[in-house]
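Predicted model, so just to flag it, every value in this text is computed and none were measured. Throughout, a chain's letter reflects where its sequence line sits, starting with A, and its residues are numbered from 1.
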Amino acid sequence: MSKPSLPQGTRDFNAVTVQKRQYIFQTIRAVFEEFGFTPLETPAMENLDTLMGKYGEEGDKLIFKILNNGLDHPQKKEQTILGFDKILEGKSSSTITERALRYDLTIPFARYVAMNHGALTFPFKRYQIQPVWRADRPQKGRYREFYQCDADIVGSESLLNEVDLIALYVTAFQRLNVPVEIKINSRQILLALAELCGGSDQLINLTISIDKLDKIGWEKVQQELTTKGFTTEQQNNIQAYLNLSGTNTEKIQKLSALLGDNAAGQEGIAALNYILNYHTHTGMESHLVADFTLARGLNYYTGLIFEVKAKDADMGSIGGGGRYNDLTSLFGVPNIPGVGISFGVDRIYDVMEEKNLFPTSISQSTQVLFFNLGEAEALQAYQLMLTLRNKKIACEIYPEKSKFDKQFKYAEKKNIPTIVILGSEELASKKCTVKNLSTGIQTTISFDELIDFQF
RNA sequence: GAGGGCGUAGCUCAGUAGGUUAGAGCGACACUUUGUGGCAGUGUAGGUCGUGGGUUCGAGACCCAUCGUUCUCCCCA
């Protein structure tokens with residue numbers, strides 16, 4: 001028999017890890033609810049055509065596809081072979097696969113809104129905390145199964161939504177004690193730059209290249225631009241754009257001069273200004289950084305875009321989002337604008353672990369261990385234990401009569417702070433001994449006193 | 001999709017330029033110690049050296065392949 005193993009990029013989570021992860025989930029969920037979002041869950045799998053073509057060319061390749069059932073049926077052989085030919089051409093084929101694991105939470109949400117728009121009250125605010133899957137190659141901070149926590153608002157174009165989502169980010173990361181900066185940019189600003197440099201059809205080429213600036217440097221970006229057909233003059237404009245520096249206000253002023261009266265550009269700048277000004281009144285402006293190199297790979301964004309970066313941590317973005325003004329039209333329902341953000345829990349966990357940001361109190365489970373010192377003693381201890389449990393004190397009794405040594409060591413290993421000794425002497429006198437394992441202090445008290453004991 | 005690093009006990013690793021019977025620390029278990037743990041002592045268990053080929057008198061070590069893992073690029077949370 002071969003050794004058991006896990007699929008690449010997936011993990012088991014032990015007790016301590018689960019407790020830490022739940023701490024993150026609970027913190028984020030509480031903030032979502034305080035901000036007026038209600039929960040939604042969607043299936044792990046979607047129809048393949050719901051997902052295909054929504055995440056760009058790269059994204060399509062990273063979707064986990066599910067093999068159809070019944071492919072072993074001889075009658076389907078011809079069909080299946082035809083389908084496989086399509087796969088070899090790089091297309092997908094419904095005769096071989098018609099379902100896939102969800103790649104993110106935004107598209108399934110758009111699908112949900114499109115299916116239920118008649119029944120929803122707009123603006124509709126939902127949050128969703130579920131795993132997603134990507135057929136990516138695992139590496140640092142990158143998993144094939146990971147959780148996203150999304151909050152989206154659809155049915156409203158107001159920039160107040162963007163303002164509120166940023167406030168949500170700031171609140172959540174403050175509660176988690178993770179210092180972050182939130183980068184913001186606008187797809188319209190990127191579009192304006194594209195229009196100035198070769199036309200709007202160059203938008204995607206342009207954003208892919210400039211997004212790499214901080215990784216590969218200007219020299220290589222320039223080379224890439226040359227091969228993509230940008231002229232020297234256009235490259236100079238792009239360089240000027242990328243070199244904008246200073247405070248948020250200064251950068252925006254310089255950008256405005258650079259983009260001139262380009263309509264999309266001015267719209268993007270106005271939106272950016274609105275957000276920044278608003279947050280000067282909330283005190284949250286200090287977390288915001290206008291970053292015109294921020295592009296984000298997902299094609300469906302149309303307005304402001306965000307990305308969250310943990311300060312002083314070697315980790316990609318731990319959250320991202322933006323405005324998509326017509327996502328549901330992909331599913332036949334036009335004119336429902338939306339904006340949303342996502343938290344990457346697995347990366348947040350990695351950052352918090354690396355920087356030791358988890359509170360120490362979350363890793364304890366059992367509070368009191370009752371020693372098992374014989375049949376009659378255990379019966380009495382068991383009854384007392386149930387009473388304590390009813391008072392919400394987590395207790396357990398050692399299941400076998402064993403030596404003190406063994407029971408003590410069990411308590412230590414499980415990090416149980418208190419033990420209760422109830423042996424033959426205590427049973428006779430209707431008392432028990434409560435011992436605090438970290439201080440070593442113990443007291444003998446009556447059963448009634450135990451029930452009201454402050455652990 | 002492209003390219004590197006690493007696979008030796010449950011864990012972290014050592015293992016010299018191929019040379020008898022593969023090592024340590026930690027952990028586990030037992031005993032010292034059947035009414036008081038953490039410390040200490042003694043002992044026990046645990047390995048087809050990732051797998052399959054090859055070179056060699058001889059391979060944990062060298063070569064090839066394969067699988068796993070990890071990191072980088074691409075892209076992303």
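Residue contacts for A:E412: at a heavy-atom cut-off of 4.0 Å it reaches a base atom on one of the strands shown. Among the atoms of the strands shown, base atoms are found under 4.0 Å from some heavy atom of A:G141. At the heavy-atom level, A:L437 lies under 4.0 Å from base atoms of the strands shown. As judged by a 4.0 angstrom heavy-atom cut-off over every strand, A:Y143 is placed among the base-contacting residues. Base contact: A:S424 has a heavy atom under 4.0 Å from a base atom. A:I419 comes within contact range of no nucleotide atom at all, as no heavy-atom separation falls under 4.0 Å. Within 4.0 Å of A:S317, counting heavy atoms only, lie sugar-phosphate atoms of the nucleic acid but no base atom.
For the pair A:L105 CG and B:rC76 P, the computed distance is 17 Å after rounding to whole Å. With rounding to whole Å, A:Q407 atom CD is found 14 Å from B:rG38 atom P. Rounded to whole Å, atom P of B:rA77 lies 18 Å from atom CG of A:L101. Rounded to an integer number of Å, the gap from A:R137 CZ to B:rG4 P is 11 Å. When rounded to the nearest whole Å, the span between OH of A:Y398 and P of B:rG37 equals 16 Å. In this entry the distance linking CD1 of A:I107 with P of B:rC76 reads 14 Å, nearest Å. The distance between atom OH of A:Y410 and atom P of B:rG38, rounded to the nearest whole Å, is 18 Å. Between the C1' atom of B:rU70 and the CZ atom of A:R11 lies a distance of 14 Å, rounded to the nearest Å.
No donor-acceptor contact under 3.5 Å links the side chain of A:Q8 to the base of B:rU69. The base of B:rC76 is paired with the side chain of A:R347 by a donor and an acceptor separated by under 3.5 Å. No hydrogens or angles were tested; on distance alone, a donor-acceptor pair under 3.5 Å links the side chain of A:R142 to the base of B:rC75. Not a single donor-acceptor contact under 3.5 angstrom links the side-chain atoms of A:K140 to the base of B:rU72.
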Base-contact (B) and sugar-phosphate-only (S) positions in nucleotides 27-34 of chain B, heavy-atom cut-off under 4.0 Å, - elsewhere: -SSSS--S
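Nucleotide B:rC26 is matched to B:rG10 when pairs are restricted to Watson-Crick or G-U wobble geometry with both distances under 3.5 angstrom. Base pairing annotation: B:rG60 forms no Watson-Crick or G-U wobble pair, as no partner gives both donor-acceptor distances under 3.5 Å. Base pairing of B:rG38: no nucleotide in any strand meets the Watson-Crick or G-U wobble criterion (both distances under 3.5 Å). As the counterpart of B:rA65, B:rU51 is assigned, both hydrogen-bonding distances of the Watson-Crick or G-U wobble pattern falling under 3.5 Å. B:rA77 is unpaired under the criterion used here, namely a Watson-Crick or G-U wobble arrangement in which both key atom distances are under 3.5 Å. Across all strands shown, B:rG3 forms a Watson-Crick or G-U wobble pair, both distances under 3.5 Å, with B:rC71.
When side chains are defined from C-beta on, A:F306 does not count as touching A:L288, because their heavy atoms never get closer than 4.5 Å. No side-chain heavy atom of A:K251 sits under 4.5 Å from any side-chain heavy atom of A:D291.
An aromatic stacking contact links A:F146 with the base of B:rA77, defined here by ring centres under 5.5 Å apart and ring planes under 30° from parallel.
Ring pair A:F455/A:F453: centre-to-centre distance below 6.0 Å. Taking the six-membered ring for Trp and the full ring otherwise, A:F343 and A:Y147 have centroids separated by 6.0 Å or more. A ring-centre distance under 6.0 Å is not found for A:F37 and A:Y127. Checked against the 6.0 Å centroid criterion, the rings of A:F370 and A:Y382 do not qualify as a close aromatic pair. Checked against a 6.0 Å centroid threshold, the rings of A:F64 and A:Y103 do not count as neighbours.
Of the residues in residues 425-434 of chain A, A:E425, A:E426 come within less than 4.0 Å of RNA chain B through at least one heavy atom, sorted by number. Less than 4.0 Å separates RNA chain B from no heavy atom of any residue of residues 302-316 of chain A.
Only the P atoms considered, B:rU32 is 30 Å distant from B:rG23, to the nearest whole Å. Distance check on atom C1': B:rG3 versus B:rC74 gives 12 Å, rounded to whole Å. Using atom C1' as the reference point in both B:rG38 and B:rU21, the two lie 38 Å apart (nearest Å). The same atom, C1', is picked in B:rU33 and in B:rA24; the two are 29 Å apart, to the nearest Å. Taking the C1' atoms as reference points, B:rG7 lies 16 Å from B:rU48, given to the whole Å. Nucleotides B:rC63 and B:rA28 place their P atoms 39 Å apart, quoted to the nearest Å. Look at the C1' atom in both B:rG4 and B:rA40: the space between them is 48 Å, to the nearest Å. Comparing the P positions of B:rG50 and B:rU69 gives an interatomic distance of 16 Å, to the nearest angstrom.
Shortest non-hydrogen contact noted between A:E145 and A:P131 is CG-CB, 4.4 Å.
Mapping A:G440 and A:D346 onto RNA chain B by nearest heavy atom places A:G440 at the nucleotide closer to the 5' end. Two residues, A:T439 and A:Y147, neighbour RNA chain B, and the one matched to the more 5' nucleotide by heavy-atom proximity is A:T439.
Because its NZ or CZ atom is both nearer than 6.0 Å to the ring centre of A:Y143 and within 45° of the ring axis, A:R11 counts as a cation-pi partner of that residue. In this structure, A:R134 fails the cation-pi test against A:F146, since its NZ or CZ atom is not both closer than 6.0 Å to the six-membered ring centre and inside 45 degrees of the ring normal.
Distance from the side chain of A:D136 is smallest to B:rC75 among B:rU36, B:rC75, B:rC76.
Contact check on A:K125 versus A:D152 returns no salt bridge, with no Lys/Arg side-chain nitrogen under 4.0 Å from an Asp/Glu carboxylate oxygen. A salt bridge links A:E58 with A:K61: the closest approach of a Lys/Arg side-chain nitrogen to an acidic carboxylate oxygen falls below 4.0 angstrom.
In summary, the side chains of A:T95 and A:T80 do not present any donor paired with an acceptor at a separation below 3.5 Å, with no hydrogens or angles considered.
The shortest distance between the side-chain N/O atoms of A:Q139 and the OP1/OP2 oxygens of B:rU72 is below 4.0 Å.
Annotation for A:E41: atom CD does not count as buried by contact number, only 12 or fewer foreign heavy atoms lying within 6.0 Å. More than 12 heavy atoms of other residues, nucleotides or ligands shown are found within 6.0 angstrom of CE on A:M315.
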Salt bridge (charged side-chain N to carboxylate O under 4.0 Å, His left out) between A:D448 and A:K430, intermediate numbers included: CA-CA 9 Å; A:D448 287 343; A:K430 296 197 186 311; over 6 Å; no
